[in-house]
Amino acid sequence: MYHSHLLINVGDNPDRPDWNITRRWLRNLYRVHQRLCMAFPPCVPATVAERIAAYCAPYGGCGAHDRDLPGEGDPGVPPCSAPVHSERSDEAGFLFRIDHPVCDVVNGRATRSGHPRRRPVIVVQSGGDQPPDWGLAFGLSENAVDDRGRPIGNAAHLLAGPPQYRKVSFTLEGDALRLSREDRPDGGFTVRPGDLVRFRLRANPCRKVQDGSPNGKRKRVMPTFDAHAEWLHERLDGAVGSPICIDTFVPGWAAAWRTKHEPQANQKMQFWSVLFEGTFRVGDTAALKSRVKSGIGPAKAFGFGLLSIAPVR
């Protein structure tokens, strides 16, 4: 799989156009997901002309659950109408999370962080053998940057720096789970049952309720810390060998919407969003590997469910 980091340019001056454009894009999770999907075309364009044609091609009109992944498309479908990607799975597709700068909390109130240059980062975890094509997704000119080091392209104003990605692997050797990087085989880390790890997760804590429909209806959990901690423990059941210690708990709302020119015109979506950070002791490493690769909870297409772990030094 691949881990990517996209540093987002939210601007430093409210009078600049990118101040409002980028923030509005970042608030609409539908638009963020739409842009990220462009990095996973059904075939990798070989030439500049093919890249431009693929980027500017009209949308094929297929639904979000009918798209194909790179290498899995129908050979009879012309490139101009080929879908972008298919449903996320353990071996293919992608998960993402928007990490905002953490504010300082003074007397119970959030204030601006003491690091004025910190910017939001979109972390993307993608499966498959091919790396994401972020140049295609953001229309970037190859190896071209402006005088401030920002990439140049028709959507480069969304980025504060060139996209970064690296290939990583999760290997299970007995009861030991090892995370390693292709460029640094000696790096990475190994966890075993009983090891203490840190985690970060932005989730959409919901439960299904019976309302007569075939799949039921989702309803957010009770807006209490204990209810959310119970939900998180249920979702990590098996992967956790001890009670979860939650250090950071940031609840709120996230939104997504479509315009009048798209299918399901003017649809507005609202998601209950909670950021969890803390520590837990590893239980079953096979279950932990499955949670990391597959994600946790619903609304994974809108930036929820990506579980990140790191050893406690």
Side-chain angles (χ1 to χ4, degrees), residues 1-12 16-41 44-45 51 54-55 69-70 84-85 88 92-102 113 115-128 130-146 148-168 181-183 200-202 254-256 271 273 275 277 292-293 295 299-310:
M1 68 172 61
Y2 289 86
H3 281 180
S4 302
H5 288 76
L6 309 175
L7 188 64
I8 304 304
N9 172 37
V10 291
D12 300 317
R16 291 179 59 89
D18 56 10
W19 176 272
N20 184 53
I21 293 173
T22 306
R23 281 171 167 75
R24 184 173 176 83
W25 174 75
L26 206 59
R27 287 198 301 266
N28 187 349
L29 298 178
Y30 176 76
R31 285 283 178 261
V32 175
H33 178 256
Q34 193 178 48
R35 176 68 61 179
L36 299 181
C37 284
M38 296 179 185
F40 305 92
V44 179
R51 290 169 66 89
Y55 184 82
L69 285 160
V84 180
H85 82 297
R88 180 206 51 76
F94 69 92
L95 298 165
F96 75 95
R97 182 182 68 242
I98 303 175
D99 284 342
H100 295 275
V102 178
S113 174
H115 306 278
R117 298 297 298 176
R118 294 184 64 182
R119 303 180 187 278
V121 176
I122 298 180
V123 181
V124 184
Q125 175 180 292
S126 56
Q130 295 294 331
D133 192 343
W134 298 118
L136 179 65
F138 291 90
L140 304 180
S141 301
E142 187 174 3
N143 299 324
V145 295
D146 60 14
R148 301 178 63 184
R150 296 182 303 187
I152 298 174
N154 64 356
H157 59 276
L158 301 174
L159 301 175
Q164 306 292 322
Y165 68 86
R166 62 194 180 199
K167 188 173 184 179
V168 300
R181 293 170 48 178
E182 186 181 59
D183 57 338
R200 174 178 291 176
L201 169 69
R202 185 176 297 277
F271 303 94
S273 169
L275 175 65
E277 289 182 350
V292 172
K293 295 184 68 174
K300 297 182 179 70
F302 294 96
F304 300 101
L306 175 57
L307 175 66
S308 300
I309 60 172

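Treat the numbers as computed from the prediction; the structure is a model and nothing was measured.
For the pair L275 and H100, the minimum side-chain heavy-atom distance is 4.5 Å or more. Looking at R202 and S273, their side chains come closer than 4.5 Å, going by heavy atoms from C-beta outward. Counting heavy atoms from C-beta on, the side chains of F96 and L306 never come closer than 4.5 Å. Counting only heavy atoms from C-beta outward, the side chains of I8 and W25 approach each other to under 4.5 Å.
Contacts of H5 classified as side-chain hydrogen bond (donor to acceptor under 3.5 Å, both in side chains), with partners at least two apart in sequence or in another chain: none. Here P132 pairs with Y2, S4, A39, F40, S126, W134 under the side chain to side chain contact (heavy atoms under 4.5 Å, CB included) rule; sequence neighbours left out. Checked against side-chain hydrogen bond (donor to acceptor under 3.5 Å, both in side chains), N28 has no partners two or more places apart in sequence or in another chain. In this structure F304 satisfies the ring pair (Phe, Tyr, Trp, His ring centres under 6.0 Å) test together with F271, sequence neighbours excluded. For L7, the side chain to side chain contact (heavy atoms under 4.5 Å, CB included) criterion is met by R119, V121, A160, not counting sequence neighbours.
Minimum heavy-atom separation, V292 to Q125: O-NE2, 2.9 Å.
The distance from the CG atom of L6 to the CZ atom of F138 is 5.0 Å, given to the nearest 0.5 Å.
Shown are I98, L158, I21; of these, the side-chain contact (heavy atoms from CB on, under 4.5 Å) with L26 is made only by I98.
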